[in-house]
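Below: one structure, written as C-alpha coordinates.
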Amino acid sequence: MKCVLMNKNAEVLVAEYDDAVKAFIRIIEVKNIHYAPYIIEGIYEEGDLNSNHLRTNLSEWFKGRGIPSWRDKLDLLLHRLNIDTPSELLDKAFGLSLSDQYWIKPYGSNITYDDVNFFDNDFDYAEFLEASLSLNSKVLTKEAALKTPNNTTDGMLKKAWVIEDGVRYLLKGGYKTDVLQPFNEVLASMICDRLGFSHVPYTLTTYKDQVVSKCPCFITKDTELITAYQIKNNMKRYDSREDYKAYIKKLEEEGVDNARIKMENMYILDYLIMNEDRHLNNFGIIRDINTLKWVDVAPIFDNGQSLNVQDYNEDEVVTSGHGRLFYELKPFDEIIKVVRNLKRINIEALEDIPEEFDKLLHQYQNITHMSDRRIQNLCILLQRQIDQYKL
(Lines give C-alpha, C1' and ligand atoms only; values in the text may rest on other atoms or scores of the structure.)
Protein backbone atom coordinates (compact mmCIF):
# COMPACT_ATOMS: atom_id res chain seq x y z
CA MET A 1 0.00 0.00 0.00
CA LYS A 2 1.39 3.35 -1.02
CA CYS A 3 0.79 5.88 1.75
CA VAL A 4 1.82 9.22 3.19
CA LEU A 5 3.06 9.64 6.74
CA MET A 6 1.34 12.78 7.99
CA ASN A 7 1.89 15.06 10.99
CA LYS A 8 -1.51 16.69 11.26
CA ASN A 9 -1.67 18.45 7.85
CA ALA A 10 2.04 18.30 7.03
CA GLU A 11 3.27 15.57 4.66
CA VAL A 12 6.37 13.90 6.13
CA LEU A 13 7.21 11.20 3.61
CA VAL A 14 5.73 8.87 1.02
CA ALA A 15 6.32 5.16 1.50
CA GLU A 16 5.08 1.69 0.64
CA TYR A 17 3.63 -0.30 3.54
CA ASP A 18 3.27 -4.07 3.32
CA ASP A 19 0.20 -5.09 5.28
CA ALA A 20 1.22 -8.75 5.23
CA VAL A 21 4.45 -8.19 7.13
CA LYS A 22 3.28 -5.01 8.91
CA ALA A 23 6.33 -3.03 7.83
CA PHE A 24 7.44 -0.27 5.49
CA ILE A 25 9.32 -1.87 2.61
CA ARG A 26 10.22 1.20 0.56
CA ILE A 27 10.54 4.93 1.18
CA ILE A 28 9.60 6.71 -2.02
CA GLU A 29 10.03 10.38 -1.16
CA VAL A 30 10.83 12.51 1.85
CA LYS A 31 8.59 15.58 1.91
CA ASN A 32 9.51 17.32 5.16
CA ILE A 33 11.68 15.39 7.60
CA HIS A 34 11.43 18.12 10.25
CA TYR A 35 7.81 17.13 10.87
CA ALA A 36 8.72 13.47 11.25
CA PRO A 37 8.61 11.74 14.63
CA TYR A 38 11.59 13.06 16.58
CA ILE A 39 13.23 9.64 16.73
CA ILE A 40 13.00 9.29 12.92
CA GLU A 41 14.23 12.80 12.19
CA GLY A 42 17.29 12.11 14.32
CA ILE A 43 18.50 9.16 12.24
CA TYR A 44 17.68 10.54 8.78
CA GLU A 45 20.49 11.48 6.45
CA GLU A 46 19.54 13.48 3.37
CA GLY A 47 19.51 11.48 0.17
CA ASP A 48 19.51 8.17 2.05
CA LEU A 49 15.94 7.16 1.25
CA ASN A 50 16.09 3.42 1.33
CA SER A 51 18.76 2.44 3.75
CA ASN A 52 17.77 -0.49 5.93
CA HIS A 53 18.41 1.76 8.92
CA LEU A 54 15.75 4.31 7.97
CA ARG A 55 13.15 1.77 6.86
CA THR A 56 13.69 -0.42 9.90
CA ASN A 57 13.41 2.48 12.31
CA LEU A 58 10.28 3.75 10.59
CA SER A 59 8.69 0.30 10.84
CA GLU A 60 9.72 -0.11 14.47
CA TRP A 61 8.35 3.32 15.33
CA PHE A 62 5.01 2.50 13.71
CA LYS A 63 4.78 -0.92 15.31
CA GLY A 64 5.63 0.69 18.64
CA ARG A 65 2.44 2.74 18.37
CA GLY A 66 0.43 -0.42 18.89
CA ILE A 67 -0.56 -2.20 22.08
CA PRO A 68 2.61 -3.84 23.46
CA SER A 69 3.12 -7.58 23.71
CA TRP A 70 3.45 -7.29 27.51
CA ARG A 71 -0.05 -5.84 28.03
CA ASP A 72 -1.80 -7.65 30.89
CA LYS A 73 -4.14 -10.36 29.54
CA LEU A 74 -3.28 -9.43 25.94
CA ASP A 75 -4.37 -12.83 24.59
CA LEU A 76 -7.81 -12.38 26.09
CA LEU A 77 -8.10 -8.85 24.71
CA LEU A 78 -7.16 -9.99 21.20
CA HIS A 79 -9.68 -12.83 21.41
CA ARG A 80 -12.42 -10.42 22.44
CA LEU A 81 -11.48 -8.02 19.64
CA ASN A 82 -11.45 -10.93 17.18
CA ILE A 83 -7.94 -10.19 15.87
CA ASP A 84 -4.66 -12.11 15.95
CA THR A 85 -2.02 -9.46 16.74
CA PRO A 86 -1.98 -5.90 18.12
CA SER A 87 -0.40 -4.62 14.89
CA GLU A 88 -3.67 -5.35 13.07
CA LEU A 89 -5.26 -2.52 15.02
CA LEU A 90 -2.92 0.06 13.49
CA ASP A 91 -4.65 -0.41 10.13
CA LYS A 92 -8.12 0.27 11.53
CA ALA A 93 -7.85 3.99 12.26
CA PHE A 94 -4.92 5.37 10.26
CA GLY A 95 -2.55 4.75 13.18
CA LEU A 96 -3.97 7.78 14.99
CA SER A 97 -3.22 8.42 18.65
CA LEU A 98 -4.13 10.83 21.45
CA SER A 99 -0.43 11.31 22.28
CA ASP A 100 0.55 12.99 18.99
CA GLN A 101 -0.77 13.93 15.55
CA TYR A 102 0.89 11.34 13.28
CA TRP A 103 -1.26 9.30 10.94
CA ILE A 104 -1.03 7.19 7.80
CA LYS A 105 -2.92 8.57 4.82
CA PRO A 106 -3.61 6.37 1.76
CA TYR A 107 -1.79 7.87 -1.21
CA GLY A 108 -4.08 9.94 -3.39
CA SER A 109 -6.85 10.03 -0.78
CA ASN A 110 -8.81 13.21 -0.12
CA ILE A 111 -9.17 12.41 3.60
CA THR A 112 -8.07 15.26 5.83
CA TYR A 113 -6.81 15.38 9.40
CA ASP A 114 -9.98 17.19 10.44
CA ASP A 115 -12.00 14.27 9.09
CA VAL A 116 -10.32 11.58 11.17
CA ASN A 117 -8.51 12.89 14.27
CA PHE A 118 -9.80 11.73 17.66
CA PHE A 119 -9.42 15.11 19.38
CA ASP A 120 -12.35 16.54 17.41
CA ASN A 121 -14.18 13.44 16.24
CA ASP A 122 -16.02 11.14 18.62
CA PHE A 123 -15.34 7.41 18.62
CA ASP A 124 -17.19 4.30 19.73
CA TYR A 125 -15.40 3.06 22.84
CA ALA A 126 -17.96 0.98 24.74
CA GLU A 127 -17.04 -2.43 23.31
CA PHE A 128 -13.29 -1.83 23.52
CA LEU A 129 -13.67 -0.66 27.10
CA GLU A 130 -15.54 -3.81 27.99
CA ALA A 131 -13.07 -6.03 26.13
CA SER A 132 -10.16 -4.42 27.95
CA LEU A 133 -11.44 -3.99 31.50
CA SER A 134 -14.42 -6.29 31.99
CA LEU A 135 -13.98 -9.65 33.68
CA ASN A 136 -16.53 -11.11 31.29
CA SER A 137 -16.95 -9.86 27.76
CA LYS A 138 -18.31 -11.13 24.47
CA VAL A 139 -16.34 -11.17 21.23
CA LEU A 140 -16.49 -7.83 19.43
CA THR A 141 -19.45 -7.41 17.10
CA LYS A 142 -19.01 -3.92 15.62
CA GLU A 143 -16.12 -3.00 13.32
CA ALA A 144 -16.53 0.64 14.39
CA ALA A 145 -15.30 -0.33 17.84
CA LEU A 146 -11.83 -0.85 16.33
CA LYS A 147 -11.66 2.70 14.99
CA THR A 148 -10.48 4.34 18.19
CA PRO A 149 -7.33 5.74 19.83
CA ASN A 150 -7.38 2.63 22.02
CA ASN A 151 -5.42 0.95 19.23
CA THR A 152 -2.36 3.04 20.10
CA THR A 153 -2.16 2.85 23.90
CA ASP A 154 1.14 1.95 25.54
CA GLY A 155 1.97 0.15 28.77
CA MET A 156 1.26 -3.12 30.55
CA LEU A 157 -1.96 -2.14 32.34
CA LYS A 158 -5.44 -2.77 30.94
CA LYS A 159 -6.79 0.56 29.78
CA ALA A 160 -9.18 2.36 27.47
CA TRP A 161 -9.96 5.87 26.26
CA VAL A 162 -13.50 7.13 26.84
CA ILE A 163 -15.34 10.40 26.18
CA GLU A 164 -17.29 12.28 28.86
CA ASP A 165 -18.80 15.69 28.14
CA GLY A 166 -16.44 16.07 25.21
CA VAL A 167 -13.31 15.36 27.30
CA ARG A 168 -11.06 12.39 26.49
CA TYR A 169 -10.25 10.38 29.63
CA LEU A 170 -7.99 7.35 30.04
CA LEU A 171 -9.22 4.62 32.38
CA LYS A 172 -6.60 2.19 33.79
CA GLY A 173 -7.05 -0.86 35.96
CA GLY A 174 -4.69 -2.72 38.26
CA TYR A 175 -2.15 -5.31 37.17
CA LYS A 176 -3.28 -8.93 37.20
CA THR A 177 -4.85 -9.56 40.63
CA ASP A 178 -3.45 -6.45 42.33
CA VAL A 179 -5.67 -3.41 42.79
CA LEU A 180 -3.22 -0.82 44.15
CA GLN A 181 -2.09 0.90 40.94
CA PRO A 182 -5.16 3.18 40.55
CA PHE A 183 -4.82 4.30 44.18
CA ASN A 184 -1.13 5.08 43.68
CA GLU A 185 -2.02 7.33 40.75
CA VAL A 186 -4.41 9.31 42.94
CA LEU A 187 -1.88 9.42 45.78
CA ALA A 188 0.65 10.94 43.37
CA SER A 189 -1.89 13.58 42.37
CA MET A 190 -2.58 14.39 46.02
CA ILE A 191 1.13 14.88 46.72
CA CYS A 192 1.70 16.95 43.56
CA ASP A 193 -1.24 19.18 44.43
CA ARG A 194 0.21 19.85 47.88
CA LEU A 195 3.73 20.51 46.60
CA GLY A 196 2.77 22.51 43.53
CA PHE A 197 4.21 20.05 40.97
CA SER A 198 2.90 20.05 37.41
CA HIS A 199 1.07 16.75 36.93
CA VAL A 200 -1.76 14.95 35.21
CA PRO A 201 -4.69 14.85 37.66
CA TYR A 202 -5.93 11.35 38.50
CA THR A 203 -9.19 10.42 40.18
CA LEU A 204 -10.87 7.10 40.95
CA THR A 205 -13.98 5.64 39.42
CA THR A 206 -15.49 2.17 39.19
CA TYR A 207 -16.17 0.04 36.15
CA LYS A 208 -17.79 -3.40 36.29
CA ASP A 209 -17.17 -3.73 40.05
CA GLN A 210 -13.51 -2.79 39.89
CA VAL A 211 -11.69 0.40 40.80
CA VAL A 212 -9.87 2.16 37.96
CA SER A 213 -7.94 5.41 37.69
CA LYS A 214 -9.18 8.18 35.44
CA CYS A 215 -7.18 11.04 33.93
CA PRO A 216 -7.79 13.56 31.14
CA CYS A 217 -5.69 13.60 27.99
CA PHE A 218 -2.91 16.18 28.43
CA ILE A 219 -2.12 16.45 24.71
CA THR A 220 -4.10 18.70 22.35
CA LYS A 221 -4.48 18.57 18.59
CA ASP A 222 -1.63 21.10 18.36
CA THR A 223 0.89 19.33 20.59
CA GLU A 224 2.66 16.01 20.95
CA LEU A 225 4.47 14.08 23.64
CA ILE A 226 8.11 13.38 22.82
CA THR A 227 9.34 10.82 25.31
CA ALA A 228 12.74 10.85 26.96
CA TYR A 229 13.45 7.62 25.08
CA GLN A 230 13.20 9.44 21.75
CA ILE A 231 15.34 12.31 22.96
CA LYS A 232 17.92 10.06 24.60
CA ASN A 233 18.12 7.88 21.48
CA ASN A 234 19.76 10.78 19.65
CA MET A 235 22.36 11.34 22.39
CA LYS A 236 25.56 9.51 23.26
CA ARG A 237 25.20 7.03 26.10
CA TYR A 238 27.58 7.33 29.04
CA ASP A 239 25.93 6.43 32.35
CA SER A 240 22.58 7.34 33.84
CA ARG A 241 23.80 10.27 35.94
CA GLU A 242 25.80 11.83 33.10
CA ASP A 243 22.98 11.18 30.65
CA TYR A 244 20.54 12.84 33.05
CA LYS A 245 22.74 15.95 33.00
CA ALA A 246 22.93 15.83 29.20
CA TYR A 247 19.15 15.47 28.99
CA ILE A 248 18.62 18.55 31.18
CA LYS A 249 21.12 20.48 29.05
CA LYS A 250 19.26 19.49 25.87
CA LEU A 251 15.94 20.69 27.28
CA GLU A 252 17.50 23.97 28.35
CA GLU A 253 19.07 24.45 24.90
CA GLU A 254 15.61 24.00 23.37
CA GLY A 255 14.27 26.79 25.59
CA VAL A 256 12.29 24.71 28.08
CA ASP A 257 11.78 26.82 31.20
CA ASN A 258 12.75 25.41 34.61
CA ALA A 259 13.63 22.05 33.08
CA ARG A 260 15.90 20.98 35.94
CA ILE A 261 13.42 21.94 38.66
CA LYS A 262 10.56 20.08 36.95
CA MET A 263 12.68 16.97 36.48
CA GLU A 264 13.77 17.15 40.11
CA ASN A 265 10.11 17.40 41.12
CA MET A 266 9.44 14.13 39.33
CA TYR A 267 12.24 12.38 41.21
CA ILE A 268 11.07 13.87 44.52
CA LEU A 269 7.67 12.32 43.89
CA ASP A 270 9.25 9.01 42.91
CA TYR A 271 11.18 9.00 46.17
CA LEU A 272 8.15 9.78 48.30
CA ILE A 273 5.96 7.05 46.78
CA MET A 274 8.81 4.65 45.88
CA ASN A 275 7.92 4.59 42.19
CA GLU A 276 9.77 1.64 40.64
CA ASP A 277 8.87 2.25 37.02
CA ARG A 278 10.03 5.70 35.87
CA HIS A 279 11.20 4.39 32.51
CA LEU A 280 12.16 6.52 29.51
CA ASN A 281 8.70 6.33 27.94
CA ASN A 282 6.71 7.78 30.83
CA PHE A 283 8.31 11.20 30.95
CA GLY A 284 9.40 13.65 28.30
CA ILE A 285 8.51 17.01 26.78
CA ILE A 286 5.57 18.64 25.03
CA ARG A 287 6.23 19.97 21.52
CA ASP A 288 4.05 22.30 19.43
CA ILE A 289 3.57 20.37 16.21
CA ASN A 290 2.87 23.50 14.15
CA THR A 291 5.99 25.46 15.14
CA LEU A 292 8.07 22.46 16.35
CA LYS A 293 8.94 24.49 19.46
CA TRP A 294 9.59 22.55 22.68
CA VAL A 295 6.92 23.98 24.96
CA ASP A 296 7.43 22.41 28.37
CA VAL A 297 8.38 19.39 30.40
CA ALA A 298 5.48 16.94 30.25
CA PRO A 299 3.35 16.95 33.40
CA ILE A 300 4.11 14.04 35.73
CA PHE A 301 2.07 10.95 34.81
CA ASP A 302 2.03 7.16 35.14
CA ASN A 303 2.89 6.55 38.79
CA GLY A 304 1.07 3.31 39.51
CA GLN A 305 4.03 1.00 40.13
CA SER A 306 4.74 2.38 43.59
CA LEU A 307 4.71 1.48 47.30
CA ASN A 308 6.11 -2.02 46.74
CA VAL A 309 3.17 -2.96 44.56
CA GLN A 310 5.18 -5.80 43.00
CA ASP A 311 6.91 -7.04 46.16
CA TYR A 312 4.29 -6.61 48.86
CA ASN A 313 4.65 -8.88 51.86
CA GLU A 314 1.80 -9.07 54.39
CA ASP A 315 4.23 -9.83 57.20
CA GLU A 316 6.67 -6.93 56.85
CA VAL A 317 7.04 -3.41 55.53
CA VAL A 318 9.82 -3.42 52.95
CA THR A 319 11.57 -0.09 53.39
CA SER A 320 14.29 -0.48 50.77
CA GLY A 321 13.76 -0.47 47.07
CA HIS A 322 15.00 0.60 43.68
CA GLY A 323 13.68 3.07 41.17
CA ARG A 324 15.08 4.26 37.87
CA LEU A 325 17.37 7.12 37.04
CA PHE A 326 16.93 7.10 33.29
CA TYR A 327 17.59 3.48 32.25
CA GLU A 328 19.53 2.39 35.34
CA LEU A 329 18.12 0.81 38.49
CA LYS A 330 19.31 2.65 41.59
CA PRO A 331 18.32 2.78 45.27
CA PHE A 332 15.87 5.58 45.97
CA ASP A 333 18.40 7.12 48.36
CA GLU A 334 20.77 7.49 45.39
CA ILE A 335 18.14 8.84 42.97
CA ILE A 336 17.08 11.63 45.31
CA LYS A 337 20.65 12.98 45.22
CA VAL A 338 19.97 14.52 41.81
CA VAL A 339 17.86 17.11 43.65
CA ARG A 340 20.15 20.04 44.37
CA ASN A 341 18.07 21.62 47.15
CA LEU A 342 15.78 19.29 49.07
CA LYS A 343 14.64 22.12 51.32
CA ARG A 344 13.02 24.11 48.50
CA ILE A 345 9.72 22.23 48.87
CA ASN A 346 7.39 22.46 51.84
CA ILE A 347 7.44 18.84 52.98
CA GLU A 348 5.22 19.82 55.93
CA ALA A 349 2.38 20.19 53.43
CA LEU A 350 2.26 16.38 53.34
CA GLU A 351 1.70 15.99 57.07
CA ASP A 352 -1.78 14.45 56.77
CA ILE A 353 -1.27 12.67 53.41
CA PRO A 354 -0.87 9.18 54.97
CA GLU A 355 -4.15 9.71 56.85
CA GLU A 356 -5.90 10.85 53.65
CA PHE A 357 -4.52 7.84 51.77
CA ASP A 358 -5.77 5.56 54.53
CA LYS A 359 -9.27 7.01 54.16
CA LEU A 360 -9.16 6.58 50.40
CA LEU A 361 -8.11 2.92 50.62
CA HIS A 362 -10.80 2.17 53.19
CA GLN A 363 -13.43 3.97 51.13
CA TYR A 364 -13.16 1.34 48.39
CA GLN A 365 -12.31 -1.62 50.60
CA ASN A 366 -15.66 -3.30 49.95
CA ILE A 367 -14.66 -3.51 46.26
CA THR A 368 -10.92 -4.13 46.47
CA HIS A 369 -11.05 -6.43 49.53
CA MET A 370 -7.67 -5.03 50.52
CA SER A 371 -6.82 -6.16 54.04
CA ASP A 372 -6.61 -3.74 56.96
CA ARG A 373 -3.08 -5.01 57.49
CA ARG A 374 -2.01 -4.06 54.00
CA ILE A 375 -3.63 -0.63 54.21
CA GLN A 376 -1.84 -0.03 57.49
CA ASN A 377 1.50 -1.15 56.05
CA LEU A 378 1.12 1.06 52.98
CA CYS A 379 0.46 4.11 55.11
CA ILE A 380 3.39 3.26 57.40
CA LEU A 381 5.65 3.03 54.36
CA LEU A 382 4.37 6.33 52.98
CA GLN A 383 4.88 8.05 56.34
CA ARG A 384 8.40 6.64 56.52
CA GLN A 385 9.31 8.08 53.12
CA ILE A 386 7.98 11.50 54.10
CA ASP A 387 9.89 11.38 57.39
CA GLN A 388 13.08 10.24 55.65
CA TYR A 389 12.83 13.17 53.24
CA LYS A 390 12.85 15.55 56.19
CA LEU A 391 16.18 14.23 57.49
Side-chain angles (χ1 to χ4, degrees), residues 133 135 157-159 162 164 167 169-216 265-266 268-278 299-319 321 323 332 345-391:
L133 289 171
L135 298 177
L157 297 182
K158 302 183 293 291
K159 63 188 68 173
V162 302
E164 294 181 9
V167 179
Y169 290 98
L170 184 65
L171 303 185
K172 291 195 300 183
Y175 184 61
K176 298 189 182 299
T177 60
D178 206 299
V179 295
L180 183 60
Q181 282 88 350
F183 294 91
N184 285 339
E185 298 285 14
V186 175
L187 172 63
S189 285
M190 293 163 59
I191 292 174
C192 288
D193 283 338
R194 300 287 186 91
L195 298 180
F197 295 171
S198 174
H199 69 288
V200 177
Y202 286 83
T203 57
L204 294 178
T205 189
T206 57
Y207 177 77
K208 301 280 186 174
D209 295 325
Q210 59 184 302
V211 181
V212 298
S213 66
K214 175 182 176 182
C215 69
N265 290 347
M266 182 183 75
I268 290 172
L269 175 68
D270 287 352
Y271 177 84
L272 292 170
I273 64 175
M274 298 180 70
N275 182 5
E276 301 173 356
D277 195 35
R278 185 64 66 197
I300 300 171
F301 67 98
D302 197 6
N303 312 289
Q305 294 298 102
S306 305
L307 293 178
N308 291 330
V309 68
Q310 292 181 314
D311 302 310
Y312 175 72
N313 187 325
E314 191 82 11
D315 298 322
E316 64 176 325
V317 179
V318 180
T319 57
F332 289 109
I345 68 164
N346 179 21
I347 193 66
E348 301 300 330
L350 305 182
E351 182 178 0
D352 64 341
I353 281 290
E355 180 182 350
E356 293 299 313
F357 193 47
D358 180 274
K359 291 178 181 178
L360 185 69
L361 293 170
H362 275 104
Q363 180 182 344
Y364 290 89
Q365 194 177 21
N366 64 320
I367 300 175
T368 64
H369 306 295
M370 192 179 296
S371 70
D372 287 335
R373 179 69 174 274
R374 185 177 188 188
I375 292 175
Q376 180 184 38
N377 286 348
L378 288 170
C379 294
I380 289 173
L381 181 59
L382 177 59
Q383 184 66 64
R384 177 192 179 276
Q385 290 302 110
I386 294 172
D387 291 341
Q388 284 291 113
Y389 188 93
K390 296 177 182 179
L391 297 178

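- The nearest pair of heavy atoms linking Phe332 to Asn275 is CE2-O, 3.3 Å.
- Shown here is Asn366, whose CG atom has more than 12 heavy atoms of other residues, nucleotides or ligands within 6.0 Å.
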side-chain contact (heavy atoms from CB on, under 4.5 Å) between Asp372 and His362, worked out = CA-CA 8 Å; Asp372 287 335; His362 275 104; 3.2 Å; yes
Evaluate the criterion side-chain contact (heavy atoms from CB on, under 4.5 Å) for residue pair Leu133 and Lys208; output intermediate values, then yes/no.
-> CA-CA 8 Å; Leu133 289 171; Lys208 301 280 186 174; over 6 Å; no
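- Nearest heavy atom pair, residue Gln365 against residue Ser371, reads NE2-C, 3.9 Å.
- Between the CD atom in Gln305 and the CG atom in Leu180 there is a gap of 9.0 Å [rounded to 0.5 Å].
- In terms of heavy atoms, Pro182 sits closest to Leu204 at O-CD2, 3.5 Å.
- Counting non-hydrogen atoms of other residues, nucleotides and ligands closer than 6.0 Å to CD of Gln363 gives a total above 12.
- Interatomic distance, CG of Leu381 versus OG of Ser306, reported as 10.0 Å (0.5 Å rounding).
- Partner Leu272 forms a side chain to side chain contact (heavy atoms under 4.5 Å, CB included) with one of Ile353, Leu195, Leu187 and no other, that one being Leu195.
- Atom CG of Leu361 is separated from atom CD1 of Ile375 by 5.0 Å, given to the nearest 0.5 angstrom.
- Side chains of Ser198 and Asn265 form no contact here, defined as non-hydrogen atoms less than 4.5 Å apart.
- Residues Gln383 and Pro354 share a closest heavy-atom pair of OE1-CG, 3.2 Å.
- Counting heavy atoms from C-beta on, the side chains of Leu269 and Ile191 come closer than 4.5 Å.
- When side chains are defined from C-beta on, Asn184 counts as touching Phe357, because their heavy atoms get closer than 4.5 Å.
- Taking CG of Asp209 as the start and OG1 of Thr368 as the end, the distance is 12.5 Å to the nearest 0.5 Å.
- We find that Asp178 and Arg374 are joined by a salt bridge, their nearest charged nitrogen and carboxylate oxygen being less than 4.0 Å apart.
- No side-chain heavy atom of Arg194 sits less than 4.5 Å from a side-chain heavy atom of Ile345.
- Rounded to the nearest 0.5 Å, atoms CD (Gln181) and OH (Tyr175) are 9.0 Å apart.
- No side-chain heavy atom of Glu185 sits under 4.5 Å from any side-chain heavy atom of Lys214.
- Scanning for side chain to side chain donor-acceptor pair (under 3.5 Å) contacts around Asp302 gives Lys172, Asn282, with sequence neighbours left out.
- At distances below 3.5 Å, not a single donor-acceptor pair connects side-chain atoms of Ser213 with backbone N or O atoms of Tyr202.
- Checked against salt bridge (Lys or Arg N to Asp or Glu O under 4.0 Å), Asp193 has no partners two or more places apart in sequence or in another chain.
- Residues Arg278 and Asn303 have side chains in contact (heavy-atom distance under 4.5 Å, counting atoms from C-beta outward).
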Quick one: do Phe197 and Ile268 satisfy side-chain contact (heavy atoms from CB on, under 4.5 Å)? Show the steps, please.
-> CA-CA 10 Å; Phe197 295 171; Ile268 290 172; 4.1 Å; yes
Can you list the steps and then say if Thr205 with Leu171 is a side-chain contact (heavy atoms from CB on, under 4.5 Å)?
-> CA-CA 9 Å; Thr205 189; Leu171 303 185; 4.2 Å; yes
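- Summarising the geometry, atom CG belonging to Leu157 is positioned 10.5 Å from atom NZ belonging to Lys176; distances are rounded to the nearest 0.5 Å.
- Of all heavy-atom pairs spanning Pro201 and Pro216, the tightest one is O-CD, 3.3 Å.
- The minimum heavy-atom distance between Val212 and Gly173, with the atom names listed, is CG1-CA, 4.0 Å.
- Contact annotation: the side chain of Leu391 never approaches that of Asp387 to less than 4.5 Å [non-hydrogen atoms, C-beta and beyond].
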